[in-house]
4 protein chains.
Amino acid sequence: MKAVRSSSHSGDRSGSRPAARRPKAPSASRRGKPENSSAAATSKSERSRDLILHSAAQLFRRQGFSATTLRQIAAKTKIKAGSIYYHFDSKEQILDEVLDRGLRHVFETVKNSVERAGKVSHRRKIGLAIEAHLVALLETSDFTSANIRIYGQLPEQLKKPHRPLRRAYAEYWDQLFIDARRAGEIRADMEVVPLRMFVIGALNWTIEWFRLENRDAVLELARRTETLIFEGVNKP
Amino acid sequence: MKAVRSSSHSGDRSGSRPAARRPKAPSASRRGKPENSSAAATSKSERSRDLILHSAAQLFRRQGFSATTLRQIAAKTKIKAGSIYYHFDSKEQILDEVLDRGLRHVFETVKNSVERAGKVSHRRKIGLAIEAHLVALLETSDFTSANIRIYGQLPEQLKKPHRPLRRAYAEYWDQLFIDARRAGEIRADMEVVPLRMFVIGALNWTIEWFRLENRDAVLELARRTETLIFEGVNKP
Amino acid sequence: MKAVRSSSHSGDRSGSRPAARRPKAPSASRRGKPENSSAAATSKSERSRDLILHSAAQLFRRQGFSATTLRQIAAKTKIKAGSIYYHFDSKEQILDEVLDRGLRHVFETVKNSVERAGKVSHRRKIGLAIEAHLVALLETSDFTSANIRIYGQLPEQLKKPHRPLRRAYAEYWDQLFIDARRAGEIRADMEVVPLRMFVIGALNWTIEWFRLENRDAVLELARRTETLIFEGVNKP
Amino acid sequence: MKAVRSSSHSGDRSGSRPAARRPKAPSASRRGKPENSSAAATSKSERSRDLILHSAAQLFRRQGFSATTLRQIAAKTKIKAGSIYYHFDSKEQILDEVLDRGLRHVFETVKNSVERAGKVSHRRKIGLAIEAHLVALLETSDFTSANIRIYGQLPEQLKKPHRPLRRAYAEYWDQLFIDARRAGEIRADMEVVPLRMFVIGALNWTIEWFRLENRDAVLELARRTETLIFEGVNKP
DNA sequence: CATGAATGAGTCTTCATTCAT
DNA sequence: CATGAATGAAGACTCATTCAT
């Protein structure tokens, strides 16, 4: 009940190329695994690939896609720029994989968190989703934060392959809200899509300002956010 | 009680340069004027400058700063890339001015809206601020939306000159919340900074998804957002 | 009765590109003019374009397409490599134009030479064609020699746009032979296609060894070749 | 009376290098053997070497030297690019050997064919030479066709080591013509060098268009060519 | 004011080559 | 013998910038 199906596009665009070398596609052993799995990346190649992706994610997150150069990625990975092409076909392919991992990571984190909770109130579920989303975004994954931060500014053609998964994630949240509303835990007159936008927006914007200081900071932020969303700022 | 002081930095960095032909600095007549003033842009030069800035703002907003080329800006302005240098010293200078105008625009819009209201409840004031912020962001100013969208990914050195004004704007909101809390319209245990982040985050994130369709769409969105913030999603 | 229709493809492949600048397409004033027209190339841009093409043709001819770098072309033209892109979209576009000019040049030279002769024997016509082809190839046009020399090694996709014109040229020769055979000046059992290949082959191969020394060398070579083709090496 | 002395240069340029593992020079057992001998290629190493050379020859022939990458050669040979360096010091060394084999192959083929004929007319000898040259070029050897096709575009320094053998081959043809002329089978006023160029040119150019379809096609072509050369196109 | 033409630094990418395993 | 992984030099191409006209 865990792995989010990869948007299965990743790397497809390179289909026409001669595809000389080997790696270039996410190794079977990694596909679908949680991105920050501490389970040792096996081959040397896989380790390098991973390091490159991590470097890229951090840089994309900070500077955006187009402001990030392959030389920067290489430098951070302590290899030379040309070497990147042993592992990837193009800068775009790196982007694709960063985006994909990032979204799959939040999605899985949120899903697992909610499902693990079992029978709890809808508010609790939404609270857990908020917390999981924030944890993924702010604590555990550069991929997720990179995705959230840069996606909006990418050219259409780069966004396209990631739409299905994005939509799926949005629908997952919508369902949480729909269920809660049906159960009467959310006002009946509340429309789901703007609500989801509002919530996700408030969560996502945290990348712009939140600086992780201690383990509990994110949890604290999550709690606060949940309260705000459910109760607003009004006097009770 | 209108004009927000420009962050006074704009163009300063070019101080050492030989000071080419003429303009290069916002013309006296424009300084401090509301950005969308339809009041006669006077000289031809000023009109071109303005058109360039508008083109730049739109492109920055859509693609980010580094993905936007001067030639794109020129093309959208229907001039040639070289001509931009009659009006600006560098791409950075354009950025500076776009950012500055953008922030001043929201700031003024919000301030004016609140002040014009006169004696009203704090909730009403905050509601007006929300509305004004959204209007500036989604309806009236490409500068504002450009600013909001790209600021976070800019290198330190480009952000720096804009910090004072950003801080001022943040403090303005903080004050709104502090006043409301003091007046008991907001729960006493609510900390102001995270609250502001939450609210501004929810508002700013709308650029990522909101598509302006009709005049009232933004107002409707603003109302909805105000309700959410004050009352939350709970059953009343 | 002169200009050979350009294969009209030239530059078409760049159709999808944003096409920012201007020149990039052969200027109207040059299209269809004989390549070595001494009629002054007018604008500065046109002159540069032309110089680049000439440099490219010479280098392509000597080293082949892929062994020739833009830097070499630039150096020979005494400009910087980046400047080439003011005039051309890509190395391929340069190639296209070199090939096109080259073939149009021989074609026109041959056609004009034959037509100008008026009512003469078929053998004379073929003799003139041989001479004209050799002159174009060895004396007047780097474009023609470049074309002949590199065409065969180009990847399919680069050859494609030039096929129609090549075919037309081949058919022109075929017609010369067909007419001569019908008139009884060529043995009736002689098949035209292999004959054309034989003749054109013998002519084209001269690039591999012939070094132009004096004005008459080519004419002398042409005469010799004509004799060989018509009479063979046999004792008369 | 068969083997054409290799131009003995092959690999010499690598003289200064540290002399890696082992082979790198054509194994003793192969030196001087006819290139397509099916007589057991012995060691595994030797077989690989050979496969690499064949792949290279085909690619050089089709695309030229500089457009052919080591990875393409490796792919065609079904090994990895790095492995090539066990057998060769550099791409240039491969080229050298391809060129050398190619020329030795035609040379031997022609020589053998002529010598085997014994006492025959000079025209017959030349006819056999034509046939043998075409067979080598179009049917039996990628090395020969690669040589003929790419030699002219190589940089001086790469051509140099192959000149002696080329000259020898040219002289062999010259001798055939001289003998024929002395015997009165060729017109006395016919100069030998341009004649050889004409003939070899017509033969060599066939690579540009001839597509081998059936066993006899080459022989048919050879016959036609011989007739043309001796009798020309005139009515008899 | 604006453009045409050019420049040079830097971008992504390719490729021959190396070398430890 | 062969490969996997990497390197560095170079290639095509882009782009902010300059400046004479």
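Letters A, B, ... are given to chains in the order of the sequence lines, protein chains preceding strands, and every chain is numbered from 1. If you're wondering where the values come from, they're calculated on a predicted model, not measured in any experiment.
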Lys/Arg N to Asp/Glu carboxylate O, B:Lys91 vs B:Asp96, below 4.0 Å: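 The answer is no: the pair does not qualify as a salt bridge.
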
Salt bridge B:Arg149-B:Asp142, side-chain N to carboxylate O under 4.0 Å: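 Looking at B:Arg149 and B:Asp142, the cut-off is not met.
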
Give, for atom [atom1] of [X] and atom [atom2] of [Y], the distance between the pair rounded to the nearest 0.5 Å.
X	Y	atom1	atom2	value
C:Ile73	C:Ile94	CD1	CD1	4.5 Å
C:Ile52	C:Ile84	CD1	CD1	5.5 Å
B:Tyr85	B:Leu70	OH	CG	4.5 Å

Residues, nucleotides or ligands: over 12 heavy atoms within 6.0 Å of C:Lys160 NZ: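 Count not over threshold, so no.
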
B:Ala81 vs D:Ser48, nearer the 5' end of DNA chain F by closest nucleotide: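 Result of the comparison: D:Ser48.
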
Please state how far atom [atom1] in [X] lies from atom [atom2] in [N], giving the value in whole angstrom units.
X	N	atom1	atom2	value
A:Glu92	E:dC12	CD	P	12 Å
C:Asp50	E:dA5	CG	C1'	16 Å
A:Lys78	F:dA6	NZ	C1'	17 Å
A:Asp89	E:dT14	CG	P	8 Å
C:Leu59	F:dA12	CG	P	12 Å
C:Ile84	E:dA5	CD1	P	16 Å
B:Glu46	E:dA2	CD	P	13 Å
B:Lys91	F:dC15	NZ	C1'	9 Å

Under 3.5 Å: donor-acceptor pair, side chain of B:Ser55, backbone of B:Leu51: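 Yes: the side chain of B:Ser55 pairs with the backbone of B:Leu51.
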
C:Gln153 side chain to C:Ile150 backbone, donor-acceptor under 3.5 Å: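 No.
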
Sugar-phosphate only, base, or nothing, as touched by A:Ile79 at under 4.0 Å among non-hydrogen atoms: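 Sugar-phosphate contact only - A:Ile79 comes under 4.0 Å of backbone atoms but never of a base.
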
E:dA5 phosphate, OP1 or OP2, under 4.0 Å from C:Ser45 side-chain N/O: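 Affirmative; the distance criterion is met.
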
Distance below 4.0 Å between D:Tyr85 side-chain N/O and E:dT17 OP1 or OP2: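 Answer yes for this pair, as a side-chain N or O of D:Tyr85 is under 4.0 Å from OP1 or OP2.
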
Close approaches to DNA chain E from residues 60-72 of chain A, in residue order (heavy atom, under 4.0 Å):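 Those residues whose heavy atoms fall under 4.0 Å from DNA chain E, taken from residues 60-72 of chain A in numerical order, are A:Thr68, A:Thr69, A:Leu70, A:Arg71.
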
Name of the residue among B:Gln63, B:Arg62, B:Lys76, B:Gln58 meeting side-chain hydrogen bond (donor to acceptor under 3.5 Å, both in side chains) with B:Thr68: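 Result for side-chain hydrogen bond (donor to acceptor under 3.5 Å, both in side chains) with B:Thr68: B:Gln63.
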
For DNA chain E, the dot-bracket pattern of Watson-Crick and G-U pairs whose distances stay under 3.5 Å, | for other-strand partners: .||||||||||||||||||||

Which residue lies more 5' along DNA chain E, comparing A:Ser83 with D:Ser83 via nearest heavy atoms: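 Looking at DNA chain E, the more 5' nearest nucleotide goes with A:Ser83.
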
Closest listed nucleotide, where the reference is the side chain of [X] and the choices are [options]:
X	options	answer
B:Tyr86	F:dT7, E:dA16, E:dC1	E:dC1
C:Lys80	F:dT7, E:dT7, F:dA16	E:dT7
B:His87	F:dA5, E:dA2, F:dC1	E:dA2

Listed partners of C:Phe88 passing ring-ring contact (aromatic ring centres under 6.0 Å, His included), at least two apart: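 For C:Phe88, no residue satisfies ring-ring contact (aromatic ring centres under 6.0 Å, His included) once neighbours in sequence are set aside.
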
